Amino acid sequence: MFTIMPDTLRYILASESALTSITVRGWVRTRRDSKACSFIEVTDGSCFKGLQIVVDASLPCSSLMPSILTGASIEVDGDLIASPAAGQKWELQAKDVRLLGEADATYPLQKKGHTPEFLRTIAHLRPRTNLFSNVFRVRSRMSFAIHRFFQEKGFFNVHTPVITSSDCEGAGELFRVTTLKQGSNAKPEDDFFGRPTYLTVSGQLQGETFACALGNIYTFGPTFRAENSNTARHAAEFWMIEPEMAFYDLDADMTLAEENVRYLASAMIQECPEELEFFSKFVDKNLLSRLQQTIDQPFQRISYTDAVDLLLKSGRTFEHAVVWGEGLQTEHERYIAEEHVKGPVTIFNYPKGIKPFYMRQNDDGKTVAAMDLLVPGIGEIIGGSQREERLDVLTAAMQHHGLSEADYQWYVDLRRYGSVPHAGYGMGFERLLMFVTGVSNIRDVIPFARTPGHAPY
RNA sequence: UCCUGAGUAGCUCAGCGGUAGAGCGGGUGGCUGUUAACCACUAGGUCGUAGGUUCGAACCCUACCUCAGGAGCCA
């Protein structure tokens, strides 16, 4: 049907001059009729803006107008001319309009605002809305920016497995992967892989093996947690970026994490200006200033011990008591990021009792070289650590956590053969997207959200 | 999983013991280089589900389901 690749609206709307005899394809947003002509607003997804098409009532194709309802797909031949009316620079003076696919009155997306909750129930159609087309264009560009950030620094992208038999301890509940029939009493040895396997909760452990070979690596892929978490910030399937760097200590790790967040805030401003304008106007009025502040101001770093002190001295009464040795609660993190620092902040050197076995023990004997990067409004966006590279300390920690060395033999081998200091972190891609778009629910920044009890597509 | 709140027309909501309502969207007619156009008319509902209280329940009670906000777990 199409002999040439059609020009997108992104290209056409950026035109410096009028264009004759072009063809446009897209989906109808609205149609308004007047006596002499009809106005059709069309979008094709290539950019936020749509194109106004003017169909003269004298054209034969004007008889199609009653069937050109919101949601229909059309193809239009015409000339791109300067619009005589306010509201748009260009418009397409139609010569012929063809209806490609009609949409009747049952089309759920009307010419009016819809709630994100309703749009979640029609996840197959919501990318056609202003909000979601903007979100998913940003998602694509941020994904590319992440690869660019690491590739420009010479990092290698490693594809760690999705199916794994190792539990990255501390990361949460796992989804079991099996070919055994429900209710069968077959043993794990009879299963497809001859052992229990799961969907990965983190590529970190495998990432470490590649860092200890290629130097600096990163993973970027789907991650699965079977936690019964029902919040705006958790999904059972999400995408995570996990860099792992040989010869990095915690300080270098934190520096990279900060640079990473700053780079992506900058990419948002530079590469998604139309989308940013939309989000700043309709989603989060403070978005632009928050991104600008992220770029301009140095990130603060506060040790866990100092964080506990400042919380105790804040004069605030918190719902959960502030106790050294226990995790910081959401209200504590929010106070630090949103009221004390008023910007991104990294908390480091957490008590070892609340952190997993692989984090490097500090000389004080009480803390480990762990860090969390918190941003206002979202909380933890990055969590990382320097890894324990000393064989004896690692095996002792494993014993203390009740883990069998045999299960982690390959991981321990990294400390047995040419061990080096190394560090890494995990950044939640969806949380990053929430940060750069202002969208407040994780279900609205991932194409098809998987949350407890919900996987309809 | 816990706490709180909400489920009424395709969508957004009002009604809160006595005949089921509005705006948007759809249809019909009118007007207009219109901008989520405007004006008039019109069609459209087992009031989340199941029980209960009552002469009478969308409204009160109980259970369940779903969704949202907050909490925990974390990215």
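Computed from heavy atoms alone, side chains included, the values below leave out hydrogens, waters and symmetry copies. To find a chain, count down the sequence lines: A is the first, B the second, and so on, and within it residues start at 1. What you see is a predicted model, and the numbers here were worked out from it, not measured in a lab.
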Looking only at side-chain atoms of A:Glu91, point me to the closest of B:C67, B:U34, B:C73.
B:U34

State whether the distance check finds a donor on one side and an acceptor on the other, under 3.5 Å, for side chain A:Ser229 versus base B:C74.
no

Look at all strands and tell whether A:Ile442 reaches a base, only sugar-phosphate, or nothing, counting heavy atoms closer than 4.0 Å.
base

Whether A:Thr30 contacts B:U35 is assessed here as follows: a side-chain N or O lying under 4.0 Å from the phosphate OP1 or OP2. Is that the case?
no

Pairing partner of B:A71 (Watson-Crick or G-U wobble, both distances under 3.5 Å):
B:U1

Counting the atoms with a prime plus P, OP1 and OP2 as sugar-phosphate, which does A:Met427 contact under 4.0 Å by heavy atoms, base, sugar-phosphate, or nothing?
nothing

Considering only nitrogen or oxygen atoms on both sides, find all protein atoms under 3.5 Å from nucleotides 39-50 of chain B and state each distance.
none

Spacing of A:Asn441 atom CG relative to B:C67 atom P, expressed in whole Å
12 Å

Residue pair A:Phe136 / A:Arg126: nearest heavy atoms and the distance that separates them:
CZ-NH2, 4.1 Å

Which part of the nucleic acid, if any, lies within reach of A:Ala235 when heavy atoms closer than 4.0 Å are counted: base, sugar-phosphate only, or nothing?
base

Looking at the rings of A:Phe156 and A:Phe210, which for Trp means the six-membered one, are their centres under 6.0 Å apart?
no

Contact list (N/O, under 3.5 angstrom) for nucleotides 26-28 of chain B vs protein:
none

Whole angstrom is fine here: how far is it from CG in A:Leu328 over to P in B:C74?
12 Å

Given B:A75, B:C31, B:G69, identify the nucleotide with an atom nearest to the side chain of A:Arg225.
B:A75

Should A:Arg431 be listed as having a side-chain N or O under 4.0 Å from OP1 or OP2 of B:C74?
no

Considering every strand and a 4.0 Å limit on heavy-atom distances, what is the contact class for A:Gln329: base, sugar-phosphate, or nothing?
sugar-phosphate

Could you list the protein-to-nucleotides 11-13 of chain B atom pairs, N/O on both sides, closer than 3.5 Å?
{"unit_1": "B:C11", "atom_1": "O2", "unit_2": "A:Lys112", "atom_2": "NZ", "d": "2.6"}
{"unit_1": "B:U12", "atom_1": "OP1", "unit_2": "A:Thr115", "atom_2": "OG1", "d": "3.0"}
{"unit_1": "B:U12", "atom_1": "O4'", "unit_2": "A:Lys112", "atom_2": "NZ", "d": "3.4"}

Using a 4.0 Å heavy-atom cut-off, does A:Glu41 contact any base of the nucleic acid, only the sugar-phosphate backbone, or nothing at all?
nothing

Checking contacts here: which listed nucleotide (B:G33, B:C74, B:G70) is nearest the side-chain heavy atoms of A:His234?
B:C74

With respect to the phosphate group of B:A68, does any side-chain polar atom (N or O) of A:Arg120 fall under 4.0 Å of OP1 or OP2?
yes

For A:Ile241, answer base if it contacts any base atom (sugar-phosphate contacts may also be present), sugar-phosphate if it contacts only those atoms, and nothing otherwise; contact means non-hydrogen atoms under 4.0 Å.
nothing

Just to verify, which of A:Arg443, A:Arg139, A:Arg450 counts as forming a salt bridge (charged side-chain N to carboxylate O under 4.0 Å, His left out) with A:Glu430?
A:Arg139

When all nucleic acid strands are considered with a 4.0 Å heavy-atom cut-off, which category describes A:Ile382: base, sugar-phosphate, or nothing?
sugar-phosphate

Remember a base hit wins even if backbone is also touched, and classify A:Arg31 as base, sugar-phosphate or nothing at under 4.0 Å, heavy atoms.
nothing

Choose from B:A71, B:G72, B:A75 the nucleotide whose nearest atom is closest to any side-chain atom of A:Thr231.
B:G72

